There are 2 protein chains.
Amino acid sequence: MARTQGSHSDITGPRIREAALALFARHGYAAVSMRQIAAEVGVQAGALYNYTPDKQSLLFRLMYEHMQDLIAAYADQDQTEDAAEALRQFVGFHIRFHLQRPDEVFIAYMELRNLSSDNFAQIEALRRTYENALEAILRKGQAAGAFDIADTKIATLAVIAMLNGVMTWYRAGGRLSLDEVEQAYWDMVHRSVTA
Amino acid sequence: MARTQGSHSDITGPRIREAALALFARHGYAAVSMRQIAAEVGVQAGALYNYTPDKQSLLFRLMYEHMQDLIAAYADQDQTEDAAEALRQFVGFHIRFHLQRPDEVFIAYMELRNLSSDNFAQIEALRRTYENALEAILRKGQAAGAFDIADTKIATLAVIAMLNGVMTWYRAGGRLSLDEVEQAYWDMVHRSVTA
DNA sequence: GTCTATAGGTTGATAGAC
DNA sequence: GTCTATCAACCTATAGAC
């Protein structure tokens, strides 16, 4: 990772964020030093401060961009009018999007308490925006008679919690294919909101 | 929290663990110093080492005792032969036990990566023991025709993930009573494993 | 059993040379 | 834009007095 001295502004920034992402995910924000991040990139610790005002901002940016990407990617999907079909889409989208970004997902859930209160509020607002997309589907299906849900707020959180569980055990090349996993979760989610 | 000098061996140990539990849960293991724990108890940092060989052992003991308590408490319950009833019991037990110990639960999930590999293996074994209790219920119900489950391993993890979601939002005195929450989750869990 | 004191290192962040 | 050097603060853990 040794670097010759010189200017690399256009690539150093992204490399710092990549290194911080991987290290924060593996060891936790509080356990990772700026020197470790710098060593991974191949610069000295002082150089990091050309790209981030402080360590906290580095963490916040990683989480903020992840949540923005999540919301934008979901909004980009074709939206259907049928509630059951929309729920199926949501399940598939959620599983696939999150499995593609394990480090970002891990950080977004585990490092919330290391955000300053202002930064925390911003991330929380984005998370709620995403949850609201699911709740809207459940409400619509409930109104249309497609679902039978006692409490859509609880159901929203329960479905997301169930789906997030995939991240803790799924590994590519394991016993089940991604399609099979998606199908199994869709079955369970669908049943859980249907009489 | 000031203390006069003297001997307090019988109460200092538990107070250290209580303080460590609360601080680890709030700020994270890596972000909490031995001095902070000592200050909370009202002793100097050096005195902590009369009760724990090091910081890592303090974390491990908290997690280990929590997992032992969980398994023992579940084993103490009356066990029924009926799979659906056993699942209902499991759901109620899991929600109530975990809601009574939010700090322990939080640490047991969030601080796994801060355990040494030996300690991690021990905690993982206990976690799997608990999961196996649920999987046994699902397998039995599947064999008896009470449940319709595509993959009991996935279903086990999905049910536990869904139930763990309660911890992230439930607060006593909120919109729903504990009984209502338990009922809502039982409905969803039961449906998710039934045709 | 708790105290004070300290060893030996690490931390986040900054200043100034190049 | 990166380097070297540095500051002041903090860390875990230990030693020895009481």
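Being a predicted model, the structure only gives us computed values, none of them experimental.
The aromatic rings of A/Tyr64 and A/Phe60 sit tilted, their planes meeting at an angle between 30° and 60°. The aromatic rings of A/Tyr130 and A/Phe93 are tilted relative to each other, their planes meeting at an angle between 30° and 60°.
Following rounding to the nearest Å, B/Ile16 (CD1) and C/dT2 (P) show an atom-to-atom distance of 7 Å. Note: CG (A/Leu58) to C1' (C/dT11) measures 16 Å, nearest angstrom. Between A/Ile37 atom CD1 and C/dT10 atom P the separation is 17 Å, expressed in whole Å. The nearest whole Å value for the distance from the NZ atom in B/Lys55 to the P atom in D/dT14 is 15 Å. In this structure, the CG atom of A/Leu48 is 11 Å from the C1' atom of D/dT2, given to the nearest Å. For the pair B/Arg15 CZ and C/dT2 P, the interatomic distance rounds to 10 Å; values are reported in whole Å. What separates CG of B/Asn50 from C1' of D/dA13 is a distance of 12 Å, to the nearest Å. A/Gln56 has its CD atom 15 Å from the C1' atom of C/dA13, to the nearest Å.
For residues 71-81 of chain A, the salt bridge (Lys or Arg N to Asp or Glu O under 4.0 Å) pairs, not counting sequence neighbours, are A/Glu81-A/Lys140.
A salt bridge links A/Asp151 with B/Arg175: the distance from a Lys NZ or Arg NE/NH1/NH2 to an Asp or Glu carboxylate oxygen falls below 4.0 Å. Salt bridge absent: A/Glu131 and A/Arg128 never bring a charged side-chain N and a carboxylate O closer than 4.0 Å. Salt bridge annotation for A/Arg96-A/Asp179: present, with a cationic side-chain nitrogen under 4.0 angstrom from a carboxylate oxygen.
For D/dT2, the OP1/OP2 oxygens have a side-chain nitrogen or oxygen of A/Thr12 closer than 4.0 Å. Contact annotation: B/Tyr49 side-chain N/O to D/dA15 OP1/OP2 distance is not under 4.0 Å.
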Please write out the pairs of protein N or O atoms and N or O atoms of nucleotides 4-9 of chain D separated by less than 3.5 Å, giving the distance to one decimal.
none

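For A/Phe97 and A/Tyr74, the ring centers sit 6.0 Å or farther from each other.
Side-chain contact, B/Asn164 with B/His94: a donor N or O sits under 3.5 Å from an acceptor N or O.
Heavy-atom nearest nucleotides on DNA chain C were determined for A/Gln36 and for A/Pro53, and the one closer to the 5' end corresponds to A/Gln36.
Closest approach to the A/Met34 side chain among C/dG1, C/dG12, D/dA13 is made by C/dG12 (side chain taken as heavy atoms from C-beta onward). Of the listed nucleotides (D/dC11, D/dC3, D/dG1), D/dC11 has the atom at the smallest distance from the side chain of B/Ser33.
For the helix from C/dG1-D/dC18 to C/dC18-D/dG1, the end axes, each set by the C1' atoms of five terminal pairs, are bent relative to each other by 0° (nearest 10°).
Within 6.0 Å of CZ on B/Arg26 lie no more than 12 heavy atoms contributed by other residues, nucleotides or ligands.
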